[in-house]
There are 2 protein chains.
Amino acid sequence: MTKRTSDTGKTIAERLEAAANAQERFQIMYGEIRDRICMLVYPPGSQLGEEALADEFGVSRSPLRKALQVLEADGLLRSQQGVGTLVTEVDIEELTQVYQLRMELNELTGKLSPCLPTRELKALFSEMRKRAQDLRNTPTRADFARLNIDFFHAFQQLSENQPLRDVSEKLFYQTCRIWLKLIPNMDLAKEVDIFCGEIDDIVDAVELGDFQAAAFTRRAHLSMGFIRLKAQKDTASH
Amino acid sequence: MTKRTSDTGKTIAERLEAAANAQERFQIMYGEIRDRICMLVYPPGSQLGEEALADEFGVSRSPLRKALQVLEADGLLRSQQGVGTLVTEVDIEELTQVYQLRMELNELTGKLSPCLPTRELKALFSEMRKRAQDLRNTPTRADFARLNIDFFHAFQQLSENQPLRDVSEKLFYQTCRIWLKLIPNMDLAKEVDIFCGEIDDIVDAVELGDFQAAAFTRRAHLSMGFIRLKAQKDTASH
DNA sequence: ATTAGATTTATTGTACACAACTAGACTGTA
DNA sequence: TACAGTCTAGTTGTGTACAATAAATCTAAT
């Protein structure tokens with residue numbers, strides 16, 4: 001069975017074949033593996049296997065390893081000679097500091113070089129609202145996680161500060177797996193409701209052109225979400 | 001001529017030989033190349049040459065490339081097939097956003113999980129003050145840059161928030177070259193004086209155990225330093 | 001002299017073979 | 001059985017040859 005990406009209908013190998021240069025090929029491999037990790041296709045603790053992946057992607061281990069090495073620098077993988085390439089664990093305690101930092105950075109998204117409220121930007125966010133409504137009707141774990149990722153990327157576009165974007169993205173991908181991991185122990189429909197409420201609030205702010213309000217709203221939800229996650233973990237351990 | 005590191009007296013090849021595993025070897029190569037880039041041993045725009053570097057380090061291109069790839073992800077290098085591995089340029093205009101972000105993050109260093117004011121920490125900072133005095137007596141470009149780097153690392157130890165440290169470090173290494181690049185057009189003795197004054201202020205705050213004051217002081221100096229850099233650039237272009 | 005095209009040369013990208021290493025299975029002994 | 005040592009299978013790390021690419025140089029025609 002060859003896996004296909006949802007948007008293009010092409011296999012990874014085909015997309016890599018079509019890429020113009022090494023940098024594009026790297027981006028495809030890096031993005032695909034990162035996506036699989038944070039969608040728990042590769043759950044924490046699982047082993048990747050360079051040769052198998054290289055075969056699937058239709059390349060040799062050399063270019064694949066470049067993607068793996070950067071993912072290791074990102075903290076999503078850990079390679080050890082003789083052992084393997086393992087997906088790192090996610091633990092809410094260890095992510096506390098990351099969450100603290102993310103909250104502060106979200107506040108900065110509203111402060112540092114906010115974008116102009118263009119038509120495209122508003123259209124992007126109203127599409128998010130639509131997807132949130134669809135998710136509310138038929139909530140699933142995977143769609144929840146996917147919307148979470150896509151909404152993050154939409155939100156990132158509110159600031160023109162590229163270094164801030166880059167940093168926020170790295171931190172996001174360090175934390176986003178925790179939801180998919182813990183949601184089985186939580187009330188999915190309720191969490192989806194809360195998340196959709198957040199999206200509603202933020203899209204309202206974006207449509208008014210008040211990006212700072214959007215940033216504060218997101219910061220508040222991030223904080224509350226983390227508290228719910230932690231409460232879940234505490235009850236589960238008793 | 002074999003280059004030797006100042007602290008150990010060993011060549012890079014010898015240090016790599018002595019390393020226990022691949023991760024240590026990677027750290028040695030990564031740190032050494034990054035240091036050379038930000039000390040302008042490899043000035044912006046210069047070409048590295050994988051084979052020559054691999055020869056000097058006594059390894060093959062494969063492990064060396066891992067270090068280069070991460071440095072490329074850090075934004076310090078850019079590799080292109082058929083062209084070479086080039087050190088990226090530093091431009092004050094492009095670094096404006098990075099500086100803005102660094103200022104905000106510095107404020108967070110005082111806010112997010114500050115460390116306890118241990119004896120070791122205070123000793124480290126009083127050593128910094130001593131080095132600053134030495135530099136004031138005999139100011140040189142290279143010593144100025146070195147103290148700037150080492151003082152940054154000392155300052156990083158004021159917060160226990162590891163993600164914040166990691167992020168701050170990446171951003172620091174994106175910006176620190178601008179000083180060495182522009183200082184020839186400025187008054188070195190004056191800049192050294194100002195920097196030593198900053199160190200004095202911050203060490204005072206650290207010795208009192210007031211890390212938040214230290215962070216605000218640093219933020220203020222960072223801001224003023226950037227303004228001086230920019231003013232220099234503006235006068236130079238007229 | 002200029003310019004378009006071919007050629008050369010130098011560099012990174014890729015593939016592959018093998019070395020180094022680890023964890024677990026196996027085996028012999030007390 | 002318990003345990004220590006050895007062996008084996010499987011993995012990542014390293015070295016090396018070659019392919020792909022791009023910039024500079026040369027060449028020839030206009």
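Note that the structure is a prediction, hence the values are computed from the model and not measured. Residue numbers start from 1 in every chain, and the chains themselves are labelled A, B, ... in the order their sequence lines are given, proteins ahead of strands.
- Applying the side-chain contact (heavy atoms from CB on, under 4.5 Å) criterion to A:Q162, with sequence neighbours excluded, gives A:R165, A:D166, B:Q97.
- Shown here are the ring pair (Phe, Tyr, Trp, His ring centres under 6.0 Å) partners of B:F26, two or more places apart in sequence or in another chain: B:Y30.
- For B:K170 (side chain) and B:D74 (main-chain N/O), no donor-acceptor pair under 3.5 Å exists by modelled atom type.
- Within residues 16-31 of chain B, the residues having any heavy atom under 4.0 Å from DNA chain D are, by residue number, B:A22, B:R25.
- Salt bridge A:R78/A:E72: absent, no basic N to carboxylate O contact under 4.0 Å.
- Here the side chain of A:T96 pairs a donor or acceptor atom with the backbone of A:E93 at under 3.5 angstrom.
- When the ring pair (Phe, Tyr, Trp, His ring centres under 6.0 Å) test is applied to A:Y99, the partners found at least two apart in sequence or on another chain are A:F226.
- Contacts of residues 58-73 of chain B with DNA chain C (heavy atom under 4.0 Å): B:R61, B:R65.
- Listed by residue number, the members of residues 81-89 of chain B with any heavy atom below 4.0 angstrom from DNA chain D are B:Q81, B:G82, B:V83.
- Panel note: side chain B:R141, backbone B:L180; a donor-acceptor pair is recorded below 3.5 Å.
- Distance alone, capped at 3.5 Å, places no donor-acceptor pair between the A:R102 side chain and the A:L171 backbone.
- Side chains of B:R65 and B:S60: no donor on one and acceptor on the other come within 3.5 Å.
- When all heavy atoms are compared, the tightest approach of A:V90 to A:Q174 is CG1-O, 4.2 Å.
- B:Q47 places none of its side-chain heavy atoms less than 4.5 Å from the side chain of B:V87.
- Using a cut-off of 4.0 Å between Lys/Arg side-chain N and Asp/Glu carboxylate O, B:E17 and B:K10 are scored as not salt-bridged.
- Closest non-hydrogen pair, B:E169 versus B:F152, comes out as CA-CZ, 3.7 Å.
- Applying the salt bridge (Lys or Arg N to Asp or Glu O under 4.0 Å) test to A:E104 and every residue at least two apart in sequence or in another chain returns A:R219, B:K111.
- Side chains of A:T85 and A:S79: a donor-acceptor N/O pair is present below 3.5 angstrom, by distance only.
- The footprint of chain A on DNA chain D, defined by a heavy-atom cutoff below 4.0 Å, extends from D:dG10 to D:dT14.
- Comparing the helix axis at one end of the helix from C:dA1-D:dT30 to C:dA30-D:dT1 with that at the other, each defined from 5 consecutive pairs, gives an inter-axis angle of 10° (nearest 10°).
- Residues from residues 47-55 of chain B placing a heavy atom under 4.0 Å of any atom in DNA chain C, listed by number, are B:Q47, B:G49, B:E50.
- Remark: B:D143 pairs with B:T140 by the side-chain hydrogen bond (donor to acceptor under 3.5 Å, both in side chains) rule, at least two apart or across chains.
- A salt bridge does not link A:E24 to A:R15: none of the charged side-chain nitrogens sits closer than 4.0 Å to a carboxylate oxygen.
- Taking the side chain as every heavy atom from C-beta outward, A:L108 and B:L101 approach each other to under 4.5 Å.
- Contact of the A:Q81 side chain with the B:N21 side chain is not registered, since no non-hydrogen atoms from C-beta on lie closer than 4.5 Å.
- Counting 5' to 3', DNA chain C first comes under 4.0 angstrom of a heavy atom of chain B and last does so at the ends given by C:dT11 to C:dT14.
- At distances below 3.5 Å, at least one donor-acceptor pair connects side-chain atoms of A:E14 with backbone N or O atoms of A:T11.
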